[in-house]
Enquirer: 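Have a look at this one.
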Amino acid sequence: MEVDKVQETAVGELKDIVSKNLPGCDLTICIFIAALKSFRADQCLRPFPQCFINENNEKDFVSLKTACDKIPTLSELLKLHTIPKEVVDLLLWLFKDSGMPLFTVHPVVSCSTYSECKYKVHMFKGDLPLTVINKKASISTLPQYVFKEVIFGAGIYLSDEISVCTNYSPFGETWQNSTLGHKHSIIAICEVIDDEENVKCKDDKNKKRAINQNSYGEIPEKYFVVTNSELVKLKYLLVYRHKSPSTVTSFIKKNFLWLTIVLYFLMLILIGFFNNPYFQRYLRIIYSLFQ
């Protein structure tokens with residue numbers, strides 16, 4: 001009975017968190033599952049859910065994936081009376097105990113220039129579409145492997161041109177049960193301290209600033225390579241969703257040739273019927289009945 005009360009309390013707490021911020025919780029799950037699906041899952045999932053570390057202190061990815069597959073849509077979760085314990089433990093850890101950012105979403109009508117966009121952002125002004133809030137950990141401590149490149153040396157690669165960023169942010173599979181879609185592209189908007197020694201970029205006044213250690217050449221315009229992560233602070237996220245075509249449209253595109261052939265034969269059959277003298281006689285009889 002005591003265990004049941006603890007589980008009931010945990011479910012109530014989870015529903016309370018989700019009901020207050022459903023879109024933000026949805027996106028958090030999307031990002032978490034995208035990291036889990038990555039071939040770098042061991043690096044991406046840091047911290048790792050404590051409830052999925054076994055007795056040998058090993059990460060149990062199989063059990064974690066099984067638990068993720070059991071997560072229903074969040075709107076459905078709010079209506080359920082019984083939720084698997086591993087799902088409750090995982091989501092409470094993700095939303096409350098992990099120290100990962102919480103997200104607040106502000107949808108708007110108009111779109112930015114990036115195709116298939118979901119939200120619009122005015123850089124650091126007014127209501128932004130996705131605010132990153134973290135009460136437990138510093139949001140400036142970004143996973144560096146996400147941003148590192150080797151062409152212009154080690155560091156966090158940034159740009160002040162969104163068209164450059166989109167080239168490095170392809171759409172990827174996230175969470176199948178998300179209300180935001182199951183494919184997303186996410187671009188981070190960061191604040192950077194303009195430090196000449198640790199922020200490498202094209203600078204007419206300081207030519208040496210365009211050369212980073214172990215770089216294969218000068219850093220081009222619109223690129224910034226930050227060699228010290230303490231100078232970068234994550235402020236907002238641009239979230240784009242890929243709109244899948246409807247089932248009917250998808251079916252027509254996949255079977256266009258066969259549908260054309262079937263329609264052609266149907267047309268020939270109809271022409272044959274209309275040219276048949278018996279069919280024409282029946283049409284005249286029916287027509288005369290309505291006179």
Side-chain angles (χ1 to χ4, degrees), residues 1-105 130 132-139 141-143 145-146 171-186 237 239 241-242 244:
M1 291 294 292
E2 189 174 337
V3 175
D4 292 339
K5 286 184 179 180
V6 171
Q7 178 68 6
E8 186 178 342
T9 303
V11 171
E13 185 179 9
L14 174 61
K15 287 184 177 181
D16 184 57
I17 294 172
V18 172
S19 62
K20 290 178 179 177
N21 186 14
L22 193 147
C25 292
D26 193 312
L27 183 62
T28 302
I29 298 174
C30 287
I31 296 173
F32 180 81
I33 291 181
L36 180 60
K37 289 181 177 180
S38 170
F39 69 95
R40 288 178 170 179
D42 189 45
Q43 292 177 310
C44 291
L45 290 181
R46 294 184 181 179
F48 192 86
Q50 291 294 322
C51 47
F52 292 94
I53 295 178
N54 60 28
E55 297 175 354
N56 299 324
N57 203 28
E58 296 174 343
K59 298 176 181 179
D60 192 350
F61 282 95
V62 176
S63 297
L64 179 57
K65 289 178 180 178
T66 302
C68 288
D69 291 338
K70 294 180 181 179
I71 302 174
T73 60
L74 295 186
S75 56
E76 184 181 334
L77 181 142
L78 293 174
K79 301 175 184 177
L80 294 175
H81 297 291
T82 304
I83 305 172
K85 183 179 184 303
E86 60 270 27
V87 172
V88 175
D89 291 343
L90 173 61
L91 294 183
L92 279 179
W93 175 86
L94 188 60
F95 300 149
K96 180 185 173 185
D97 301 325
S98 66
M100 293 182 183
L102 302 176
F103 303 100
T104 302
V105 181
L130 192 69
V132 182
I133 306 171
N134 197 329
K135 299 177 181 178
K136 293 183 175 293
S138 172
I139 57 178
T141 54
L142 305 177
Y145 56 85
V146 175
F171 284 93
E173 292 279 348
T174 55
W175 183 34
Q176 292 292 333
N177 290 332
S178 172
T179 57
L180 305 175
H182 65 279
K183 283 188 176 182
H184 298 95
S185 171
I186 299 177
L237 296 178
V239 180
R241 72 174 179 180
H242 182 269
S244 302

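Numbers for residues simply follow the sequence, beginning at 1. Keep in mind that this is a model prediction, so the values were computed, not measured.
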Enquirer: Can you tell me how far OG of Ser185 sits from CZ of Phe171, rounded to the nearest 0.5 angstrom?
Expert: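 So the CZ of Phe171 and the OG of Ser185 are separated by 5.0 Å.
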Enquirer: Quick one: closest heavy-atom pair of Trp175 and Cys30, and the distance?
Expert: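 Answer, listing the atom of Trp175 first, then Cys30: CB-SG, 3.9 Å.
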Enquirer: Ring centroid separation for Phe32 and Phe95, is it under 6.0 angstrom?
Expert: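 Ring centroids of Phe32 and Phe95 are no less than 6.0 Å from each other.
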Enquirer: If you compare all heavy atoms of Ala67 against all heavy atoms of Phe52, which two are closest, and at what distance to 0.1 Å?
Expert: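 Where Ala67 meets Phe52 most closely, the heavy atoms are CB-CZ, 3.6 Å.
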Enquirer: Do Lys15 and Ile83 have side chains that get closer than 4.5 Å, going by heavy atoms?
Expert: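 Yes; the side chains approach each other to less than 4.5 Å.
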Enquirer: Return the minimal non-hydrogen interatomic distance between Cys68 and Leu90, and the atom names on each side.
Expert: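 Closest pair (atom of Cys68, atom of Leu90, distance): SG-CD2, 3.8 Å.
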Enquirer: For a quick test of reading the model, state the closest non-hydrogen atom pair linking Thr28 to Leu94 and the distance between them.
Expert: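 Thr28 and Leu94 have their closest heavy atoms at CG2-CG, 3.8 Å.
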Enquirer: Within the structure provided, determine whether Leu92 and Ile17 are in side-chain contact (heavy-atom separation under 4.5 Å).
Expert: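 Leu92 vs Ile17: side chains touch.
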Enquirer: Under 4.5 Å between any side-chain heavy atoms of Glu13 and Thr9, yes or no?
Expert: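 No, their side chains stay 4.5 Å or more apart.
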Enquirer: First locate atom SG of Cys44, then atom CZ of Arg46, and finally report the distance between them rounded to the nearest 0.5 Å.
Expert: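 Interatomic distance, Cys44 SG to Arg46 CZ, rounded to 0.5 Å: 9.0 Å.
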Enquirer: Hey, could you give me the NZ/CD1 distance between Lys59 and Ile53, rounded to the nearest 0.5 Å?
Expert: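 Rounded to the nearest 0.5 Å, the NZ-CD1 separation comes out at 7.0 Å.
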Enquirer: Out of Asp26, Ile71, Ile33, Leu27, which one pairs with Ser178 under the side-chain contact (heavy atoms from CB on, under 4.5 Å) rule?
Expert: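 Checked Asp26, Ile71, Ile33, Leu27 against Ser178; only one passes side-chain contact (heavy atoms from CB on, under 4.5 Å): Asp26.
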Enquirer: Closer than 4.0 angstrom, basic N to acidic O: yes or no for Asp16 and Lys20?
Expert: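 A salt bridge links Asp16 with Lys20.
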Enquirer: Which pair of non-hydrogen atoms, one from Leu45 and one from Phe61, has the smallest distance, and what is that distance?
Expert: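 Scanning both residues, the minimum pair turns out to be CD1-CE2, 4.1 Å.
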Enquirer: Determine the minimum heavy-atom distance between Ser75 and Leu22, stating which atoms define it.
Expert: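 So the minimum-distance heavy-atom pair works out to N-CD1, 4.0 Å.
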Enquirer: Roughly how far, to the nearest 0.5 Å, is NZ of Lys65 from NZ of Lys70?
Expert: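 Between Lys70 NZ and Lys65 NZ, I get 15.5 Å after rounding to 0.5 Å.
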Enquirer: Does the side chain of Val18 reach to within under 4.5 Å of the side chain of Leu91, using non-hydrogen atoms?
Expert: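 A side-chain contact under 4.5 Å is absent here.
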Enquirer: Mark yes or no for whether Lys37, through its side chain, and Thr174, through its backbone, hold a donor-acceptor pair below 3.5 Å.
Expert: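 Yes; judged by distance alone, with no hydrogens or angles, the pair exists.
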